[in-house]
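Working notes for the structure below.
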Amino acid sequence: MRYLTAGESHGPQLTAIIEGVPAGLELTAEHINEDLARRQKGHGRGRRMQIEKDQVQIKGGVRHGETLGSPIALVVENKDFTHWRNIMGADPVDHDEEIKRQITKPRPGHADLNGAIKYGHRDMRNVLERSSARETTVRVATGAVAKQLLKAVGVNIACHVLEIGGVKAEKTAYESLTELQEKTEASPVRCLDEEAGQKMMKAIDDAKENGDSIGGVVEVVVEGMPTAVGSYVHYDRKLDSKLAAAIMSINAFKGVEIGVGFEAARRPGSEVHDEILWDEQNGYTRKTNNAGGLEGGMTTGMPIVVRGVMKPIPTLYKPLQSVDIDTKEPFAASIERSDSCAVPAAAVVAESVIAWELASAIIDQFGADRIQLIQENVKKHEEYAKQF
């Protein structure tokens, strides 16, 4: 499977074209809108979340609630475009008026300066509009499609927040992914630990009052993935590599770990590697899951655990120093409307990109034409792996 997205932050719409989704998969706008709403939630979000109530329109590839096997076209309109039509419209405008509106002061931590140099843009709005995290709206939409495929083969996925602004969740244990989903969806910061959640909200409020922003750590957990999905034979087929790349592709993410991650560097091998068990009912399992469900670029059958680190949003209301690319004089960086913290929303984005990579891996290994065939192949493979 593959997809492309198009559209700018304040443009008329965001668009995704998805290719490779099998035929016969149940899919409606509501399946996607549910995740779009989740992305917009979270303590610390800015005023735009009150303006944009994201709703998807399925423009192709689905008929009567089922995928056709042909490319799927998704559109999410930007309601705010009515206020930006003169600035972001596709039609030519008066050159002098365009010069007046140019953004020439790059913001530290953004793509502004590098993107302007790469594409030769003297007006850095051409960069910031596309590099904006607004683009993750349609990535969440594509992830929702992927989640429908995963659900069809018995794979469940959830996300939650472990840390915001240095406040760490201490209570992270849960009985099931259903419990994790229910409790974290009820939390304004998507945190399982209620006491830590309150402290996180205070940290966000304090940052906002100070004109600052804070980041955090999110975790995605996946259960039900078949064993031995992925590959060890080529670097670009290793599933853990693809998952890491997916997390790092999200705006403002600067780190990723799988399983115990960086903690493995501090432990001896006897406390890192997961002992292998077997019984007739479950087949092969692991005594522990320090590997986070992945060994040698392939799934182990244990839960997949991936964490990502999001830096503070670089758009600040007390802007850092920058340099005007026209005059080369120092200036305070320009301010675009922004959030003080988007970590709870970023968790949903992380869940979405992980879902996409896992669904793609399922397609690669078990078939691509129709969902019924994929389900049959997964079932046969799991029976084979259990008795291997």
Can you list the steps and then say if L128 with R107 is a side-chain contact (heavy atoms from CB on, under 4.5 Å)? CA-CA 10 Å; L128 66 89; R107 298 163 297 169; 3.1 Å; yes
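- Sparse packing is recorded around CG of L4, with 12 or fewer heavy atoms of other residues, nucleotides or ligands lying under 6.0 Å away.
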Under the side chain to side chain donor-acceptor pair (under 3.5 Å) rule, what do R130 and T5 come out as? Steps first, then yes or no, please. CA-CA 10 Å; R130 178 59 184 173; T5 72; 2.8 Å; yes
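- Judged by distance alone, with hydrogens and angles left aside, the side-chain atoms of D274 form a donor-acceptor pair with the main-chain N or O of A291 at under 3.5 Å.
- Nearest heavy atom pair, residue C341 against residue I164, reads SG-CG2, 3.9 Å.
- Summarising the geometry, atom CG belonging to L162 is positioned 10.5 Å from atom CD belonging to E170; distances are rounded to the nearest 0.5 Å.
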Please walk me through it: do L36 and Q55 pass side-chain contact (heavy atoms from CB on, under 4.5 Å)? CA-CA 7 Å; L36 292 181; Q55 299 279 293; 5.9 Å; no
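- Residues L239 and V229 approach most closely at CD2-O, 3.8 Å, considering heavy atoms.
- Linking ILVMFWY residues whenever their side-chain heavy atoms come closer than 4.5 Å, directly or via other members, leaves V218 and V221 in distinct clusters.
- Residue-environment remark: CD (E34) stays at or below the threshold of 12 foreign heavy atoms within 6.0 Å.
- For the pair E219 and T172, the minimum side-chain heavy-atom distance is 4.5 Å or more.
- Here the side chains of I157 and K147 are in contact, with some heavy-atom distance below 4.5 Å.
- Partner D54 forms a salt bridge (Lys or Arg N to Asp or Glu O under 4.0 Å) with one of K41, K79, R38, R134 and no other, that one being R134.
- Between V349 and C159 there is no side-chain heavy-atom pair separated by less than 4.5 Å.
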For a quick test of your reading: what N or O donor-acceptor pairs under 3.5 Å do the side chains of residues 379-388 make, sequence neighbours left out?
unit_1	atom_1	unit_2	atom_2	d
H381	NE2	T227	O	2.6
K386	NZ	Q281	O	3.0

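- Remark: the backbone N or O of E223 is not paired with any side-chain donor or acceptor of N156 at under 3.5 angstrom.
- Side-chain contact check for V56 versus V138: every heavy-atom pair is 4.5 Å or farther apart.
- Checking side-chain atoms of T104 against main-chain N and O of D324 turns up no donor-acceptor pair under 3.5 Å.
- Within the model, atoms OG1 of T142 and CE of M1 stand 8.5 Å from one another, a figure rounded to the nearest 0.5 Å.
- Ion pairing of R286 with E275 is absent here, as no side-chain N (NZ or NE/NH1/NH2) approaches a carboxylate O to less than 4.0 Å.
- Scored by the salt bridge (charged side-chain N to carboxylate O under 4.0 Å, His left out) test, K254 finds no partners at all (sequence neighbours excluded).
- Remark: I325 CD1 to K105 NZ distance equals 10.0 Å, nearest 0.5 Å.
- Partners of Y235 by ring-ring contact (aromatic ring centres under 6.0 Å, His included), not counting sequence neighbours: none found.
- Around NZ of K199, the count of heavy atoms belonging to other residues, nucleotides or ligands within 6.0 Å does not exceed 12.
- Other residues, nucleotides and ligands contribute more than 12 heavy atoms inside 6.0 Å of the CD atom of E66.
- By the 4.5 Å heavy-atom criterion applied to side chains, V348 and R190 are counted as neighbours.
- One hydrophobic cluster, built from ILVMFWY side chains closer than 4.5 Å, holds both V353 and M248.
- R267 CZ: more than 12 foreign heavy atoms inside a 6.0 Å radius.
- Side chain of Q375 to backbone of A152: a donor-acceptor contact under 3.5 angstrom is found.
- The heavy-atom pair separating V127 from A111 by the smallest distance is CG1-O, 3.4 Å.
- Counting only distance, with no hydrogens or angles, the side chain of S322 and the backbone of P106 share a donor-acceptor pair below 3.5 Å.
- Here the OG-CZ distance, from S231 to R237, works out to 6.0 Å after rounding to the nearest 0.5 Å.
- D112 approaches M124 most closely through the heavy-atom pair O-SD, 3.6 Å.
- Under the ring-ring contact (aromatic ring centres under 6.0 Å, His included) criterion, Y3 pairs with W356, not counting sequence neighbours.
- With a 4.5 Å cut-off on side-chain heavy atoms, H160 and K183 do not count as touching.
- The 12-atom threshold is not exceeded at CD of E195, counting heavy atoms of other residues, nucleotides or ligands nearer than 6.0 Å.
- Rounding to the nearest 0.5 Å places OG1 of T82 at 11.0 Å from NE2 of H10.
- Between N282 and D279, the side chains place a donor N or O and an acceptor N or O closer than 3.5 Å (distance only, hydrogens not considered).
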T299/L294 under side-chain contact (heavy atoms from CB on, under 4.5 Å): CA gap, chis, key distance, verdict: CA-CA 5 Å; T299 55; L294 292 149; 4.0 Å; yes
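- Side-chain atoms of N290 do not come within 3.5 Å of backbone N or O of V260 as any donor-acceptor pair.
- Judged by distance alone, with hydrogens and angles left aside, the side-chain atoms of D193 form a donor-acceptor pair with the main-chain N or O of K171 at under 3.5 Å.
- Contact record, A196 with V167: O-CG1, 3.7 Å, taken as the closest heavy-atom pair.
- Between P314 and H110, the closest side-chain pair of non-hydrogen atoms falls below 4.5 Å.
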Steps toward side-chain contact (heavy atoms from CB on, under 4.5 Å) verdict (L150, V222): CA-CA 10 Å; L150 293 177; V222 186; 5.6 Å; no
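- In this structure, M310 is a member of the same hydrophobic cluster as I250, with clusters built from ILVMFWY side-chain heavy atoms closer than 4.5 Å.
- Annotation: the span from T137 atom OG1 to E77 atom CD amounts to 13.0 Å, rounded to 0.5 Å.
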Before you tell me yes or no, could you show the steps for R39 and T136 under side chain to side chain donor-acceptor pair (under 3.5 Å), namely the whole-Å CA-CA distance, both residues' side-chain angles and the distance that decides it to 0.1 Å? CA-CA 9 Å; R39 176 193 168 276; T136 62; 3.1 Å; yes
Enumerate donor-acceptor pairs with a distance under 3.5 Å from any side-chain N or O in residues 364-371 to protein atoms, sequence neighbours excluded.
unit_1	atom_1	unit_2	atom_2	d
Q365	OE1	G230	N	3.4
Q365	NE2	A228	O	3.0

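- In this view, S213 and P312, I313, L316 satisfy the side-chain contact (heavy atoms from CB on, under 4.5 Å) rule, not counting sequence neighbours.
- V145 and I17 fall into different hydrophobic clusters, where Ile, Leu, Val, Met, Phe, Trp and Tyr are joined by side-chain heavy atoms under 4.5 Å apart, directly or via other members.
- Here the shortest heavy-atom pairing between E257 and G261 reads OE1-CA, 3.5 Å.
- Residues I214 and I204 meet the side-chain proximity criterion, which asks for heavy atoms closer than 4.5 Å.
- Under a hydrophobic-cluster definition in which Ile, Leu, Val, Met, Phe, Trp and Tyr are linked whenever side-chain heavy atoms come within less than 4.5 Å, directly or via other members, V305 and V155 are assigned to different clusters.
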